[in-house]
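In what follows, a single structure is set out as structure tokens and then discussed.
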2 protein chains.
Amino acid sequence: MSIRTTHKNQEHKDPGEFEDVAGEEKLRPRERIVSAACELFRTHGIRGIGVDAIADAAGTNKMTLYRHFGSKDDLICEVLRSTSRKAARVWDELEASYPDNPKAQLRGWIAARAKCLEYEPYGCDLANAAIELKEQGHPAHSVIEEFKLQQRQRLADLCSRAGMKQADLLADMLSMLLEGARVSRQAMGGEGPSTQFAKACETTISSLEHQH
Amino acid sequence: MSIRTTHKNQEHKDPGEFEDVAGEEKLRPRERIVSAACELFRTHGIRGIGVDAIADAAGTNKMTLYRHFGSKDDLICEVLRSTSRKAARVWDELEASYPDNPKAQLRGWIAARAKCLEYEPYGCDLANAAIELKEQGHPAHSVIEEFKLQQRQRLADLCSRAGMKQADLLADMLSMLLEGARVSRQAMGGEGPSTQFAKACETTISSLEHQH
DNA sequence: CCTGATAGTTACCGACCGGTCACACTCATG
DNA sequence: CATGAGTGTGACCGGTCGGTAACTATCAGG
């Protein structure tokens with residue numbers, strides 16, 4: 001097995017044409033594959049794209065893909081984990097943007113989610129994967145569930161730190177509003193209920209704040 | 001065991017065993033196919049099941065399926081239209097249950113949706129189809145969009161008739177809560193935010209009712 | 001220079017996909 | 001009895017799927 005060999009493998013391919021995402025030709029095959037798979041899963045669906053097309057888009061080939069990932073299901077899990085890590089980083093950045101100001105962090109969260117809703121027609125990759133992969137026991141399900149639990153917890157913590165009453169209920173309501181806005185966006189385009197997401201969040205927050 | 005996958009005789013003179021959904025042996029092939037496809041799409045995903053398996057589950061064969069539906073895409077649209085009609089009937093029944101009492105109808109809507117959330121792990125077939133079928137221009141998309149617009153309008157009308165202020169905003173919020181609860185249910189099982197759906201609806205309603 | 005790890009290439013496999021064909025069968029109606 | 005519509009049957013098509021085999025090319029480190 002190959003691990004930890006302090007290898008500094010570098011680009012040894014002729015600097016020819018690379019057809020897809022800019023900057024990717026500097027990455028190693030594994031990262032390129034994950035990145036290409038993520039994008040293709042998003043645009044074609046997980047079941048809608050084949051491993052050959054993924055390897056092609058990553059500027060490599062199927063054999064290399066299968067050396068890094070034992071199966072397509074493995075690749076799916078890895079892509080989902082990568083997206084999950086990216087989302088955690090976004091959370092970290094949000095909290096760092098308004099240090100010691102949880103109320104501003106909450107406002108920032110709403111604004112950021114609303115902006116994504118406006119400009120990204122696809123929803124949450126993890127949620128979409130959960131809907132697309134119905135086979136129970138699929139390894140992706142545990143990745144998805146763990147991610148969703150973590151997101152929910154982070155949101156509940158934020159609500160709590162922001163001094164909200166019934167922070168858990170508020171977090172669940174905001175979670176549902178976001179998830180619902182994303183699926184509405186996919187089902188009926190940019191003219192549906194998703195346009196009211198930010199206002200819905202603010203209404204919900206102030207209603208739980210001023211009650212009692 | 002001698003394999004008797006399909007008997008030669010037609011279903012009229014053979015009231016014997018049919019393996020799937022009860023009562024279907026009385027229907028004609030077309031309805032059986034739609035019904036079987038609906039169930040299989042739900043459990044395996046639209047891309048996850050083949051036409052042969054659908055025909056098999058419907059107690060018929062692929063040729064008959066293709067005589068009634070020109071293509072799998074046609075069948076998908078027909079299944080979605082059928083589900084859409086069924087949902088419209090549920091709306092009619094709800095309104096008939098509490099005649100001239102829109103407030104009770106709204107309460108009934110919340111209760112019914114909460115009950116479905118509890119007992120049906122799958123979400124909205126139309127929304128799931130929108131997520132699964134990414135190819136733009138797919139004929140299913142217009143069916144889905146029309147359905148979602150209609151559901152949204154019915155809910156907004158109900159809110160308005162129930163005397164709610166900002167009925168459109170309320171309808172969009174309830175739509176997002178429902179859609180989000182359904183996708184949460186699929187992504188994290190029965191322990192997620194979907195358990196708070198009814199309470200979230202009530203909180204939202206009373207917050208819009210008492211504000212000003 | 002040799003070796004071992006990584007990557008690229010080509011070809012291949014069996015399975016299944018959506019879709020079509022020709023043909024036999026059944027049955028209600030005339 | 002004749003007919004024609006609806007259905008069942010099994011073979012078949014070209015294409016694609018996930019996955020593998022065998023071989024070659026590159027390069028780092030000893």
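It should be emphasised that the depicted structure is a prediction, and the values quoted were computed from it without experimental measurement. In what follows, chains carry the letters A, B, and so on, assigned in the order in which the sequence lines appear, proteins first and then strands, with residues in each chain numbered from 1.
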- Rounded to the nearest Å, what distance is computed from the CZ atom of residue A:Phe69 to the P atom of nucleotide C:dA7? 10 Å
- Message: Using OP1 and OP2 only, check whether a side-chain N or O of B:Arg28 sits under 4.0 Å from D:dT7.
- Response: yes
- Task: Considering just the side-chain nitrogens and oxygens of B:Thr64, establish if one lies under 4.0 Å of OP1 or OP2 belonging to D:dT7.
- Result: no
- Item | Residue A:Ser71, side-chain atoms from C-beta onward, closest of C:dA7, C:dG19, D:dG19 | D:dG19
- Just how far, in rounded Å, is P of D:dC17 from CD1 of A:Ile76? 14 Å
- Looking across every strand, which nucleic acid part, if any, lies under 4.0 Å from B:Leu75 by heavy atom: base, sugar-phosphate, or nothing? nothing
- Query: What is the distance from CE of B:Met63 to C1' of D:dT9, rounded to the nearest Å?
  - Reply: 11 Å
- Note on the structure: Separation between CD1 (A:Ile110) and NZ (A:Lys199), nearest 0.5 Å, reads 13.5 Å
- Task: Give one of base, sugar-phosphate or nothing for A:Ile54, where a contact means two heavy atoms less than 4.0 Å apart.
- Result: nothing
- Query: If you measure only the distance, is there a donor-acceptor pair under 3.5 Å linking the side chains of B:Asp157 and B:Gln153?
  - Reply: yes
- Task: Determine whether more than 12 heavy atoms belonging to other residues, nucleotides or ligands lie under 6.0 Å from atom CD of B:Glu191.
- Result: no
- Message: Without decimals, in angstroms, what is the distance between A:Lys62 NZ and C:dC13 C1'?
- Response: 10 Å
- Query: Hey, what do you get for OG1 (B:Thr64) to CZ (B:Arg28), rounding to the nearest 0.5 Å?
  - Reply: 11.0 Å
- Note on the structure: Atom CZ of A:Arg47 and atom P of C:dC16 are separated, to the nearest Å, by 14 Å
- Message: I want to check one thing: is the phosphate of D:dG6, taken as OP1 and OP2, less than 4.0 Å away from some side-chain N or O of B:His68?
- Response: no
- Task: Could you tell me the separation between the CZ atom of A:Arg67 and the P atom of C:dA5, rounded to a whole number of Å?
- Result: 13 Å
- Starting from P on C:dC23, measure out to CG on B:Asn61 and report it in whole angstrom. 18 Å
- Neighbour count above 12 (heavy atom, 6.0 Å) for A:Glu120 CD: yes
- Could you state the OH-C1' distance from B:Tyr66 to D:dT9, rounded to the nearest angstrom? 17 Å
- Query: Quick one: is B:Thr60 getting a side-chain N or O under 4.0 Å of the D:dG8 phosphate, OP1 or OP2?
  - Reply: yes
